[in-house]
Amino acid sequence: MPEIRKIIIDTDPGQDDAVAIMTALASPELDVLGLTVVAGNVPLALTEKNARKICELSGRPDMKVFAGAIRPMVRDLVTAENVHGKTGLNGPVLPDPTMPLQDQYAVDFIVETLMREKSGSVTICALGPLTNIGLALVREPRIAPRIREIVLMGGGLFEGGNLTPAAEFNIYVDPHAADVVLRSGVPIVIVPLDCTHKVLTTAKRIAAFRDLGTAPGIAVAEMLEFFERFDEAKYGTDGGPLHDPCVIAYLLEPALFSGRHINVEVETVSELTLGMTVADWWGVTNRPKNANYLLEVDDQGVFDLLVERIGRL
């Protein structure tokens with residue numbers, strides 16, 4: 001019998017976050033203990049609402065959603081309505097959620113869950129800025145050795161940044177939290193732009209979701225059609241990169257990805273390169289290796305997996 005992996009999804013939905021969450025909720029290999037929500041793509045009042053919309057779209061109104069940090073640890077919040085639309089989930093028309101938002105603060109939920117569950121049994125899937133996770137590690141350092149793994153979407157090396165020339169959005173929004181995470185000693189897998197920019201939403205791939213003929217499948221197609229327009233114009237590609245679902249795809253089918261165990265650190269001081277992930281791909285420093293940095297991906301394999309799983313909803 002295959003292992004069932006316990007996960008916490010930390011997220012700032014976001015159309016690509018939505019696809020990631022839906023894929024996780026459709027996958028029996030993953031036991032989603034809860035969704036912790038952070039400000040990022042849009043402010044917290046919208047990301048927590050969007051997370052609940054996605055759960056209801058997935059037929060999971062029982063899922064627990066916890067609101068977390070309203071802003072980064074040190075800096076003011078930067079959002080991305082220009083990419084995701086005013087609501088963060090532009091594309092489909094989804095009803096306001098009726099399921100409740102949990103009263104507990106997301107950071108407290110993370111800490112309590114990790115201290116309660118068996119040590120080494122819970123993976124954190126980070127789809128947005130790392131504020132909630134950084135705050136949890138600062139609040140209760142004893143959780144660090146209890147985390148099985150943090151799999152995060154963020155950063156870039158050969159692709160540079162997507163918000164500034166040097167920085168990817170999730171890391172740029174809260175570089176100080178990212179620095180806490182990368183220095184924590186927790187096993188880390190990074191899914192950077194170098195990987196996700198190869199996973200493009202072509203018209204044929206979007207049609208595969210619509211052809212499922214289900215409400216979730218059609219909603220995903222509508223989300224991706226809205227989401228891709230920004231990056232198509234920016235990069236001149238046929239389709240936009242699908243970032244966050246790669247985190248869940250990696251957990252389900254790690255053989256779809258390959259990379260190297262390297263040192264990755266985050267710039268937190270320079271105005272010019274703030275939020276840059278300085279990834280020592282070539283091993284030119286003696287800094288300790290702290291992350292499995294993914295570079296290559298079977299992009300069609302990822303889309304085949306996503307369509308198959310969302311087809312189960």
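Note that the structure is predicted; figures quoted are calculated from it, not measured. We number each residue from 1, following the sequence as shown.
The side-chain contact (heavy atoms from CB on, under 4.5 Å) test with P175 is passed by exactly one of V269, L274, T273: L274. A side-chain contact (heavy atoms from CB on, under 4.5 Å) with V181 holds for exactly one of D174, V186, I150; it is I150. Results of the side-chain contact (heavy atoms from CB on, under 4.5 Å) test with L30 over L25, I9, T123, L252 single out L252 as the only residue that passes.
Side chain to side chain, R309 and T23 fail the donor-acceptor criterion of an N or O pair below 3.5 Å. No hydrogens or angles considered: nothing links the side chains of T268 and D179 as a donor-acceptor pair under 3.5 Å. A donor and an acceptor atom, one from each side chain of T98 and E56, are located under 3.5 Å apart. Under 3.5 Å, the side chains of T47 and N50 contain no donor-acceptor pair of N or O atoms.
By the neighbour-count criterion of 12 heavy atoms within 6.0 Å, atom CZ of R287 is densely surrounded, having more than that number from other residues, nucleotides or ligands. In D62, the CG atom is crowded: over 12 heavy atoms of neighbouring residues, nucleotides or ligands sit closer than 6.0 Å. For K198, the NZ atom sits in a packed shell: over 12 heavy atoms of surrounding residues, nucleotides or ligands are nearer than 6.0 Å.
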Problem - Trace of the side-chain contact (heavy atoms from CB on, under 4.5 Å) decision for H243 with L193 - result: CA-CA 8 Å; H243 307 288; L193 298 179; 3.7 Å; yes

Practice task
Apply side-chain contact (heavy atoms from CB on, under 4.5 Å) to F66 and D108, showing your working.
Solution key: CA-CA 9 Å; F66 303 84; D108 293 337; over 6 Å; no

Practice task
Please report the C-alpha distance between E168 and E159 in whole Å, then the side-chain angles of each, then the deciding distance to 0.1 Å, and finally whether the side-chain contact (heavy atoms from CB on, under 4.5 Å) criterion is met.
Solution key: CA-CA 9 Å; E168 178 274 332; E159 285 289 308; over 6 Å; no

Practice task
Determine, stepwise, if the pair M223 / L94 fulfils side-chain contact (heavy atoms from CB on, under 4.5 Å).
Solution key: CA-CA 11 Å; M223 287 182 206; L94 299 176; 4.2 Å; yes

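Under the 4.5 Å side-chain heavy-atom criterion for ILVMFWY residues, a single connected hydrophobic cluster contains both L35 and I70. In the hydrophobic clustering of this structure, I124 groups with V138; members are Ile, Leu, Val, Met, Phe, Trp, Tyr whose side-chain heavy atoms approach within less than 4.5 Å, directly or through other members. Following chains of ILVMFWY side-chain contacts shorter than 4.5 Å, one cannot reach Y293 starting from M153, and the two form parts of different hydrophobic clusters. In terms of hydrophobic clustering, with Ile, Leu, Val, Met, Phe, Trp and Tyr side chains grouped at heavy-atom distances under 4.5 Å, I21 and I133 are assigned to different clusters. Grouping the Ile, Leu, Val, Met, Phe, Trp and Tyr side chains by contacts below 4.5 angstrom, directly or via other members, places L305 with L313.
Between the side chain of T277 and the backbone N or O of A279 there is no donor-acceptor pair closer than 3.5 Å. In this structure a side-chain-to-backbone donor-acceptor pair under 3.5 Å is missing from S27 to E29. Under a 3.5 Å cut-off, the side chain of T201 and the backbone N or O of G240 do form a donor-acceptor pair. Side-chain atoms of R71 never come within 3.5 Å of backbone atoms of A39 as a donor-acceptor pair (strictly under, hydrogens ignored). Within the 3.5 Å criterion, the main-chain N or O of F158 finds a donor-acceptor partner in the side chain of D194.
With a 4.5 Å cut-off on side-chain heavy atoms, V173 and L77 count as touching. Within the 4.5 Å cutoff, the side chain of T113 has no heavy atoms near those of the K6 side chain. For the pair F169/D12, a side-chain contact is recorded, criterion being any heavy-atom separation below 4.5 Å from C-beta on. No side-chain heavy atom of N170 sits less than 4.5 Å from a side-chain heavy atom of L130. Within the 4.5 Å cutoff, the side chain of F226 has heavy atoms near those of the Q15 side chain. L306 is listed as a side-chain neighbour of L242, based on a closest heavy-atom distance under 4.5 Å. Side chains of C125 and I248 form a contact here, defined as non-hydrogen atoms less than 4.5 Å apart. Using a 4.5 Å heavy-atom threshold, the side chains of E222 and F209 count as separate.
Residues L163 and Y172 approach most closely at CD2-CD2, 3.2 Å, considering heavy atoms. Of all non-hydrogen atoms in A18 and L89, the two that sit nearest each other are CB-CD2, 4.0 Å. Taking every heavy atom of both residues into account, A126 and V247 meet most closely at O-CG2, 4.3 Å. Annotation for N132 and V37: closest pair ND2-O, 3.1 Å, computed over non-hydrogen atoms. Nearest heavy atoms, T131 versus A69: CG2-CB, 3.4 Å. The two atoms that bring S184 and A144 nearest to each other are O-CB, 3.9 Å, heavy atoms only.
Remark: R5 engages E149 in a salt bridge, criterion side-chain N to carboxylate O under 4.0 Å. Looking at E140 and R146, no side-chain N of the basic residue comes within less than 4.0 Å of a carboxylate O on the acidic one, giving no salt bridge.
Once rounded to the nearest 0.5 Å, the distance linking CD1 of I7 with CZ of R148 reads 11.0 Å. To the nearest 0.5 Å, atoms CG (N290) and CG (N263) are separated by 5.0 Å. In this structure, the separation between NZ on K289 and CG on D280 is 9.0 Å, given to the nearest 0.5 Å. Taken to the nearest 0.5 Å, the CD1 atom of I310 stands 13.0 Å off from the CD1 atom of I218. Atom OG of S119 is separated from atom CD1 of I143 by 11.5 Å, given to the nearest 0.5 angstrom. Interatomic distance, C195 SG to I190 CD1, rounded to the nearest 0.5 Å: 12.0 Å.
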